[in-house]
Amino acid sequence: EDYNIKTIDIHTHLATFTYQKTTQTAREIHKLANSIQSKGGYISLSEGMRETTVIIEKENLDVLHRTVTERSVHAHENISGIGIVFDEKYTSVPGMYYILLQQLLLQNINMIEITSTFTSLVLYIDERDTRLAFDTLYGLFRKNKM
């Protein structure tokens with residue numbers, strides 16, 4: 001399958017914090033999300049069975065530290081998000097995520113976090129790998145269009 005995408009976006013100056021999943025932390029993260037969203041800021045939340053990860057712009061770190069009292073189990077303060085928006089038809093075609101991740105693996109780029117919605121995928125990587133990751137993915141899709 002030759003995959004085509006609609007857009008590739010880059011969001012830099014992000015930070016990620018992972019917390020143990022507790023009722024108190026969930027309440028505080030919800031408050032944080034409301035605060036950041038009310039100002040039009042960037043926030044992404046990912047909730048697993050035992051942990052919750054928050055990804056925000058570094059300019060909102062003070063809000064995070066004032067709002068979430070629990071100590072994070074992991075933090076990474078120099079990440080970028082590469083957002084890929086694709087056509088709805090690819091949601092039923094196997095292998096697209098594999099192709100994307102394989103190309104980045106071949107460039108020795110580590111995925112710090114991955115989030116998705118129905119027609120988009122955001123790959124969070126260390127900021128120092130942003131240009132290489134973008135060029136790799138752009139080149140993959142450009143080649144498929146030719």
Side-chain angles (χ1 to χ4, degrees), residues 3-105 107-142 145:
Y3 300 105
N4 293 306
I5 59 159
K6 291 184 177 183
T7 60
I8 299 179
D9 297 315
I10 297 175
H11 202 111
T12 58
H13 306 294
L14 300 174
T16 180
F17 292 83
T18 300
Y19 299 93
Q20 290 296 324
K21 188 175 175 180
T22 66
T23 304
Q24 177 183 337
T25 302
R27 196 171 25 252
E28 292 171 349
I29 289 172
H30 181 71
K31 183 178 176 183
L32 171 71
N34 287 338
S35 173
I36 291 174
Q37 288 172 339
S38 71
K39 299 176 201 166
Y42 184 94
I43 184 165
S44 177
L45 305 174
S46 179
E47 188 173 312
M49 300 296 283
R50 298 181 190 155
E51 300 169 330
T52 301
T53 296
V54 177
I55 301 170
I56 60 171
E57 294 160 311
K58 289 197 295 189
E59 67 188 47
N60 289 314
L61 287 178
D62 60 332
V63 177
L64 173 105
H65 294 309
R66 282 194 317 266
T67 308
V68 182
T69 58
E70 193 78 23
R71 183 184 154 127
S72 65
V73 295
H74 179 73
H76 196 297
E77 293 190 22
N78 295 303
I79 66 171
S80 294
I82 298 181
I84 302 162
V85 179
F86 47 89
D87 192 277
E88 183 178 317
K89 70 181 181 182
Y90 295 122
T91 61
S92 62
V93 176
M96 188 165 108
Y97 286 5
Y98 172 79
I99 296 293
L100 295 170
L101 297 176
Q102 178 193 45
Q103 295 304 305
L104 297 176
L105 167 71
Q107 297 293 339
N108 201 33
I109 297 172
N110 183 44
M111 292 298 109
I112 296 168
E113 292 287 339
I114 300 172
T115 61
S116 67
T117 62
F118 183 55
T119 59
S120 68
L121 176 70
V122 182
L123 307 170
Y124 296 98
I125 59 175
D126 192 282
E127 280 188 345
R128 68 177 176 248
D129 294 328
T130 303
R131 179 178 294 274
L132 178 58
F134 178 84
D135 290 346
T136 299
L137 295 173
Y138 180 78
L140 172 68
F141 289 115
R142 183 173 173 186
K145 283 194 162 209

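Source: prediction; values computed, not measured.
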Rounded to the nearest 0.5 Å, what separates atom CD in Q103 from atom CD1 in I99?
6.5 Å
Do T52 and T18 come close enough that some side-chain heavy atom pair is under 4.5 Å?
no
Between E77 and K58, does at least one N-O distance fall below 4.0 Å, as a salt bridge requires?
no
S80 and T130: side-chain donor and acceptor closer than 3.5 Å?
yes
With side chain to side chain contact (heavy atoms under 4.5 Å, CB included) as the test, pick out the partner of I56 among L61, L14, V63.
L61
Which atoms form the tightest heavy-atom contact between Y19 and E70, and what is the distance?
CE2-O, 3.3 Å
Considering only heavy atoms from C-beta outward, does the side chain of F86 approach that of K6 to under 4.5 Å?
no
Is there a side-chain contact between R71 and F17 in this structure, where contact means two heavy atoms from C-beta onward sitting under 4.5 Å apart?
no
First locate atom CG of L132, then atom CG of L104, and finally report the distance between them rounded to the nearest 0.5 Å.
8.0 Å
For the pair R128 and D126, find out whether any cationic side-chain nitrogen is under 4.0 Å from an anionic carboxylate oxygen.
yes
Find the distance between CD1 (I109) and CG (L137) and round it off to the nearest 0.5 Å.
7.5 Å
Measuring only between side-chain heavy atoms, which start at C-beta, is L105 closer than 4.5 Å to M111?
no
What distance separates I112 CD1 from N110 CG, expressed to the nearest 0.5 Å?
6.0 Å
Within a radius of less than 6.0 Å around CG of N108, do more than 12 heavy atoms belonging to other residues, nucleotides or ligands occur?
no
Please walk me through it: do I8 and V85 pass side chain to side chain contact (heavy atoms under 4.5 Å, CB included)?
CA-CA 7 Å; I8 299 179; V85 179; over 6 Å; no
Describe, in one word, how the ring planes of H76 and H74 are oriented to each other, choosing from parallel (under 30°), tilted (30 to 60°) and perpendicular (over 60°).
tilted
Atom pair NE2 (H11) and CD1 (I55), whose distance is rounded to the nearest 0.5 Å:
11.0 Å
Identify every side-chain donor-acceptor pair in residues 25-32 under 3.5 Å, counting partners at least two apart or on other chains, and give the distances.
{"from": "T25", "atom 1": "OG1", "to": "T22", "atom 2": "OG1", "distance (Å)": "2.8"}
{"from": "E28", "atom 1": "OE1", "to": "T69", "atom 2": "N", "distance (Å)": "2.9"}
{"from": "E28", "atom 1": "OE1", "to": "T69", "atom 2": "OG1", "distance (Å)": "3.2"}
{"from": "E28", "atom 1": "OE2", "to": "Q24", "atom 2": "NE2", "distance (Å)": "3.0"}
{"from": "E28", "atom 1": "OE2", "to": "T69", "atom 2": "OG1", "distance (Å)": "2.8"}
{"from": "H30", "atom 1": "NE2", "to": "N34", "atom 2": "ND2", "distance (Å)": "3.4"}

Using a 3.5 Å distance criterion without hydrogens, assess whether the side chain of E127 forms a donor-acceptor pair with backbone atoms of H13.
yes
Residues 115-125 side chain polar contacts: donor-acceptor under 3.5 Å, at least two apart:
{"from": "T117", "atom 1": "OG1", "to": "S120", "atom 2": "OG", "distance (Å)": "2.5"}
{"from": "Y124", "atom 1": "OH", "to": "Y42", "atom 2": "OH", "distance (Å)": "2.4"}

Nearest heavy atoms of K21 and M49, plus distance in Å:
CD-O, 3.7 Å
NZ (K89) and OG1 (T91) are apart, to the nearest 0.5 Å, by 11.0 Å
